[in-house]
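These notes are about the structure you will find just below.
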Amino acid sequence: MDTLANLNTRQLEAVTTSSGAVLVLAGPGSGKTRVLTHRAAYRVHSMGADPRAVMAVTFTNKAAREMTSRIVELLGGDQAHLPGMTLGTFHALCARILRREADRLPFTREFVIFDDTDQNSLMREIVKQLGLDPKQYSPARLLDTISRAKNELIDVTEFASDTYFNEIAARAYQRYQEQLLLNNALDFDDLLFWTVRLLRGHDDVRAAYRRRYQHILVDEFQDTNSAQYALLRLLSGPEPDLFVVGDPDQSIYRWRGADYRNVHRFQEDYPQAQTILLEQNYRSTQTILDVAMAVIDRNPGRRRKQLFTERGAGRRVTLHEAYDEADEANFVVETIALLTQGGLDPRDCAVMYRTNAQSRTLEDAFLRAGLPYQIVGAQRFYGRREIKDLIAYLRLIHNPADRVSLLRVLNTPPRGIGDKTVAALLQLAEAHQKGPSDILLELAASPDDLFSELLDRRSRTALLSFAKPLSRWLERRESYSVIELVDEVLETIAYRSYIEDGTEEGEQRWENIQELRQAAHEFTEFGLTTFLERVALVSDQDTLSEEQNAPTLLTLHAAKGLEFPVVFIIGLDDGVLPHQRSFDDPEAMAEERRLFYVGVTRARDRLFLLRAFRRRLAGPSTLSEPSRYLHDIPPELVDGDVPSVQTWAQASYDFQTKWESPPRPLAQARFRAGMRVRHPAFGEGIVIDTQVDLDDEEIVIEFTGEGVKHLVASMAQLEILDS
DNA sequence: TTGGTCCATCTTTTT
DNA sequence: GATGGACCAA
């Protein structure tokens, strides 16, 4: 094994520097993962560390997997070194600890993990219970407030009811926590929250984990939130071997509680910490790096990095203004087709966007062109209705206390259990101080004597049709494998005939179920608990396969940590990127800029930046302004031989002056089809079509030798020759 | 009382 | 263009 070969001086220093607290500030493409994996391997191989004492934390399972295989490779492909090394996401690690220590906690080791859909349905119920107006107190907003509190490790009793909204939120928080425990469920934030509580409250547990994890390594440190940081401090103890790698410029999860200031906090909390700066980039051309720096250097209050590469300048960045989002998508598809014809692998291309909604137009364009693509996230597999249904059945079998899952599947497929019957069941449960599942099971055991007077015949029959199979599944849950349970459930509830409605969509849904069956099959030896946990903790990034040779479509968030030879970033319009929801918050705006920076720095060789002249955001399509980031890019880095760049530059100039002037009244139509006109750049042409749009007129013109152009009357200096 | 259909609503990013 | 809520027929 050679853990130290092929490292530059800085990287070598990071890998071999002695124990203690070490902070590596690593620019994009500077070998961050490399340093991390080498250090882990070096600890074990050359310093004689027990692999069991090494813990490496990442944010996605994919990153964890990748790290595992790279460490294995470094250790000479010798799997024997790895057993016992702990590699995983914060959430997976916490889930593991909590299951192990469940007897000290207010839930059992069978707890389920609620995803956002589950959280939402629970909160909706609570809003109803509290008699709140869901418009004013939307479940999403309440959950957001609660999540933020949990990330700051603030529990219900500490939650400040300093505003009227927070007073309401405090009540919702209280209920929400009660209901979670009643369901024997934890949400994502709870995984971290309870682990910190556990370690803080139990000296022996804390001591045991500290003894166990002597060497801790953290990837993407800039994305840690307060709870995660507290957890790291608790685990690493007063004499840490704590190695964190991050880049504040790539911090893009503030909205999820991440706080890049943890980087500064780290330096304050560990005054002896070594800080190592990695600036040499092994990924991109210098042009791409220069574009990236030009953009990010405008963010205030940051430590500047001078990114450099030995790769040379490379090609200039291509800017393109499309007419609308369909045109934008077509440009992407056509360009990829062209590049592919030139010998490029389709899988070397990636298309990135700010919001998932933007993927639809792209998918359309790819489909129409008959070209394959793969997409990360969007409608996440485990978020699909049919998958959630089946998982809910499994979760219920695993943990009958899970009311949210029970209520989801109780009448799916429909079996005559409507609102009234559900209400009756819940009331009965309430009256007997039991969970609704317990009532169902008792009903199944003795249908006649119990509750008969409390439920009308219809409800009882309907409930029995669910209760009977449920009790049968519960009897079998120990002896059956996951796949056997899945098949048993599918069979009993006749799920196939329920979702296959003859449409293509139904067909697709059944195929998804088959895919889940396949996944369940792979978990035969691990059992239901592990299966459900994995299902709850997979992320979109984890779904990316490298097998398919097709371009990748993904959000800028999902792109972090990846790289592609050719990158398209679409939707460079103000309001999309930066997103309009961030406009009034300077911190959020700084994050939008970082997001763009992340996108740019994914590119190895070529970068295409696209925007659309008009775009549909919400409601009708409107004219859009170019993203402010485009103005920050030095013109000499931009490819000038794309004809539309001039149009774009002019348009952007005109837009600026236009938006600064007072709104104009509705435009008068000046042009008609058939008119001959002259344009300063395109020459003479014939008007094909015109349309008045609010304060302007759009004209489609066929220019001699230049083809068809869409222009706007106020911008294009058109001269009418004759009509 | 249930279950289907229709309509309005909104759509940032996700472990 | 999905998702939840309101409305209506059986």
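Letters A, B, ... mirror the listed sequences (proteins, then strands); counts begin at 1.
For B:dT15, neither phosphate oxygen OP1 nor OP2 lies less than 4.0 angstrom from any side-chain nitrogen or oxygen of A:T60. For the OP1/OP2 pair of B:dT11 and a distance below 4.0 Å, the side-chain nitrogens and oxygens of A:R581 include at least one atom meeting the criterion.
Between the CG atom of A:D133 and the P atom of C:dG5 there is a distance of 13 Å, rounded to whole Å. Computed from coordinates, the A:Q580 CD to B:dT11 P distance equals 11 Å when rounded to whole Å. Atom CG of A:N225 and atom P of B:dT14 are 17 Å apart (whole Å). In this structure, the CG atom of A:D116 is 12 Å from the P atom of C:dG4, given to the nearest Å. For the pair A:R360 CZ and B:dC10 C1', the computed distance is 12 Å after rounding to whole Å. The distance from atom CZ of A:R509 to atom P of C:dA2 is 9 Å, rounded to the nearest whole Å. Here B:dT14 presents its P atom at 15 Å from CD of A:Q119, a figure rounded to the nearest Å. When the P atom of C:dG4 is taken as reference, atom CG of A:N120 falls 9 Å away, rounded to whole Å.
Heavy atoms only, all atoms of each residue included: A:L410 and A:F466 are closest at CD1-CD2, 3.5 Å. Closest approach of A:I513 and A:E386 over heavy atoms only: CD1-O, 3.7 Å.
Picking from B:dG3, B:dT13, C:dG1 the nucleotide with the shortest atom distance to the side chain of A:N356 gives B:dT13. Here C:dG4 is the nucleotide among C:dG4, B:dT13, B:dT1 with the atom lying nearest to any side-chain atom of A:R124. Of the candidate nucleotides B:dT14, B:dT15, C:dG5, B:dT15 has the atom nearest to the side chain of A:F188. Of the candidates C:dG4, B:dT2, B:dT14, B:dT14 carries the atom nearest the A:Y253 side chain, counting heavy atoms from C-beta on. When distances are taken from the side chain of A:R256 to each of B:dT15, B:dT2, C:dG4, the shortest belongs to B:dT15. The side chain of A:N411 has B:dG3 as its nearest neighbour among B:dT15, B:dG3, B:dT1.
The distance from the CG atom of A:L153 to the CG atom of A:L192 is 8.5 Å, given to the nearest 0.5 Å. Summarising the geometry, atom CG belonging to A:L180 is positioned 7.5 Å from atom CG belonging to A:L186; distances are rounded to the nearest 0.5 Å.
Across all strands shown, A:T421 has heavy atoms under 4.0 Å from sugar-phosphate atoms exclusively, and none from any base. Across all strands shown, A:D419 has heavy atoms under 4.0 Å from sugar-phosphate atoms exclusively, and none from any base. Note on A:H91: a base of the nucleic acid sits closer than 4.0 angstrom, heavy atoms only.
Side-chain contact of A:D187 with A:Y176: a donor-acceptor pair under 3.5 Å is present, judged by distance alone. Side-chain contact, A:N262 with A:R265: a donor N or O sits under 3.5 Å from an acceptor N or O.
By the 5.5 Å and 30° criteria, A:W255 is stacked with the base of B:dT13.
Ranked by how close their nearest DNA chain B nucleotide is to the 5' end, A:R458 and A:L595 are led by A:R458.
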